[in-house]
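Naming convention: chains lettered A, B, ... in sequence-line order (proteins, then strands); numbering from 1 in each chain.
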Amino acid sequence: MRLATWNVNSIRARVDRVADWLERADVDVLAMQETKCSDEQFPTMPFLAAGYEVVHCGFNQWNGVAIASRVGIDDVAVGFDNQPTWSDKPEVEAAAEARALGATCNGVRVWSLYVPNGRTVGSPHYVYKLQWLAALRETAQNWLTEDPSAQLALVGDWNIAPTDEDVWSVQAYEGSTHVTEPERAAFNAILAAQFTDVVRPFTPGPAVYTYWDYTQLRFSKNRGMRIDFILGSPALAHRVTHAEIVREERKGKAPSDHAPVLVELS
DNA sequence: ATGTCGGCAGGATGCCGA
């Protein structure tokens, strides 16, 4: 089975490209992030035409996560237990954002995750990001405690570069989110909870990235960050026979600023 | 060179988020 994750940066702007890649890359399950639309606006038809079922969680033009599968989608869950809430405005009650969607596809419990960006270090949104990661770690740890043999895939845009090797320039990101010690500690806590980066062994660094800013010719200069990950539980990790970051999909007409990340399971 | 996208409101372009 071939499982992938991709921050698509608006599915409405890119659905033809995404559906085309699904078929070309022979993908069975794709988790998407930043669909940037409501459920009503989500373009389902191109996925159906390509032979995929698709589930989506989107409340407005922000965030949005989805899973497309041609091997079944069962037990769909919108959000995870204890998922922190957020509100930009005092007059609006805090609510869970469209950042987590779970579904079981051919025996694999897939979670499409869009970790909060954090915006600026020390801001309320940064605090929220750290809370969100801590809550995810707690919940994911419980899943594994309940069933140590569970095949779990925590995939998506984590908005963290776990090591200095995962950014094109440490200096460029000095004082910025994505590289701070608390963010890296929050990511490492999930690794410590028995989830492993199943892609890295097949895509060793340095200078291996999954995201490149649109500005300043960052892609052509390969000035990016590695922030999109597929983390597997022990039972899932043992099945991984191949992985790749599909840089080709960052090229061409109207690309997302992220490349898809793909694993093959035995 | 605060450099580029996408979505929104409003009905052009400026703002937000990334």
Side-chain angles (χ1 to χ4, degrees), chain A residues 5-19 21 31-43 46 56-66 84-92 94-100 112-133 155-162 166-169 171-180 183 186-187 209-229 247-261:
Chain A
T5 186
W6 196 359
N7 178 319
V8 296
N9 186 16
S10 172
I11 191 60
R12 287 178 292 172
R14 247 172 290 288
V15 64
D16 291 338
R17 200 179 160 134
V18 171
W21 180 71
M32 289 163 269
Q33 300 83 38
E34 269 209 282
T35 56
K36 284 186 169 175
C37 66
S38 65
D39 290 346
E40 293 73 25
Q41 294 170 312
F42 188 90
H56 178 252
C57 168
F59 304 130
N60 50 43
Q61 74 268 40
W62 305 122
N63 315 309
V65 282
T85 59
W86 173 259
S87 172
D88 269 311
K89 302 167 188 167
E91 67 271 23
V92 177
E97 294 186 303
R99 295 184 178 275
S112 181
L113 304 169
Y114 181 45
V115 174
N117 174 284
R119 300 181 187 172
T120 57
V121 177
S123 68
H125 205 266
Y126 177 82
V127 174
Y128 167 60
K129 178 181 192 175
L130 296 176
Q131 290 171 337
W132 205 94
L133 287 159
V155 313
D157 178 357
W158 295 75
N159 271 318
I160 298 170
D166 300 319
V167 295
W168 68 273
S169 162
Q171 188 181 10
Y173 290 99
E174 198 174 341
S176 302
T177 60
H178 295 56
V179 300
T180 67
E183 289 166 282
F187 185 83
Y209 310 122
T210 65
Y211 158 85
W212 301 260
D213 196 291
Y214 285 123
T215 68
Q216 295 180 285
L217 301 174
R218 287 276 174 83
F219 180 69
S220 55
K221 294 176 178 173
N222 194 29
R223 294 180 170 180
M225 307 178 87
R226 192 171 71 102
I227 58 177
D228 300 270
F229 298 95
R247 288 183 89 259
E248 282 299 309
E249 289 306 309
R250 181 61 179 77
K251 302 178 181 176
K253 188 168 183 276
S256 169
D257 42 4
H258 295 249
V261 180

Enquirer: Side-chain contact test, heavy atoms from C-beta onward, threshold under 4.5 Å: evaluate it for Tyr126(A) versus Thr120(A) and give yes or no.
Expert: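 Contact flag for Tyr126(A)/Thr120(A) side chains = no.
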Enquirer: Is it the case that the side chains of Glu183(A) and Thr177(A) hold a donor-acceptor pair, with the cut-off being a distance below 3.5 Å and no angle test?
Expert: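 No donor-acceptor contact under 3.5 Å links the two side chains.
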Enquirer: Could you tell me which residues satisfy ring-ring contact (aromatic ring centres under 6.0 Å, His included) with Trp86(A), sequence neighbours excluded, listed by chain and number?
Expert: His125(A), Tyr128(A)
Enquirer: Would you measure the distance from the P atom in dG6(B) across to the matching atom in dA12(B) and give it in whole Å?
Expert: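 These two P atoms come out 22 Å apart once rounded.
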Enquirer: Take the protein atom CG of Asn117(A) and the nucleotide atom C1' of dC5(B), then report the distance between them rounded to whole Å.
Expert: 15 Å
Enquirer: Can you name the salt bridge (Lys or Arg N to Asp or Glu O under 4.0 Å) partners of Lys253(A), sequence neighbours left out?
Expert: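 Partners of Lys253(A) by the salt bridge (Lys or Arg N to Asp or Glu O under 4.0 Å) criterion come out as none, since no residue qualifies.
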Enquirer: Is it true that Lys251(A) and Asp257(A) have a side-chain N and a carboxylate O under 4.0 angstrom from each other?
Expert: no
Enquirer: Using a 4.5 Å cut-off on heavy atoms from C-beta on, say whether the side chain of Leu113(A) contacts that of Trp158(A).
Expert: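 Yes, at least one pair of side-chain atoms sits under 4.5 Å.
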Enquirer: Between protein and nucleic acid, restricted to nucleotides 6-9 of chain B and to nitrogen or oxygen atoms under 3.5 Å apart, what atom pairs and distances do you find?
Expert:
unit_1: dG6(B); atom_1: OP1; unit_2: Arg14(A); atom_2: NH1; d: 3.3
unit_1: dG6(B); atom_1: O3'; unit_2: Ser10(A); atom_2: OG; d: 3.0
unit_1: dG7(B); atom_1: OP1; unit_2: Ser10(A); atom_2: OG; d: 2.2

Enquirer: Holding to side-chain hydrogen bond (donor to acceptor under 3.5 Å, both in side chains), I want the full list of residues that pass it with Asn159(A), two or more places apart in sequence or in another chain.
Expert: His178(A)
Enquirer: List every contact pair, protein side and nucleotides 11-14 of chain B side both N or O, where the distance is under 3.5 Å.
Expert:
none

Enquirer: How is Tyr211(A) classified with respect to the nucleic acid when contacts are heavy atoms under 4.0 Å: base, sugar-phosphate, or nothing?
Expert: nothing
Enquirer: What integer number of Å spans the P atoms of dC15(B) and dG3(B)?
Expert: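 12 Å, rounded to whole Å.
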Enquirer: May I ask you to say whether Glu91(A) pairs ionically with Lys89(A), meaning some side-chain N is under 4.0 Å from a carboxylate O?
Expert: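 So Glu91(A) does not pair with Lys89(A) through a salt bridge.
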Enquirer: Asp228(A) has an atom CG; how far is it from atom C1' of dA18(B), in whole Å?
Expert: 13 Å
Enquirer: Find the distance Asp213(A):CG to dA1(B):P and express it as a whole number of Å.
Expert: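 Going from CG in Asp213(A) over to P in dA1(B) covers 19 Å.
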Enquirer: Going by heavy atoms closer than 4.0 Å, what residues in residues 123-133 of chain A are next to DNA chain B?
Expert: none
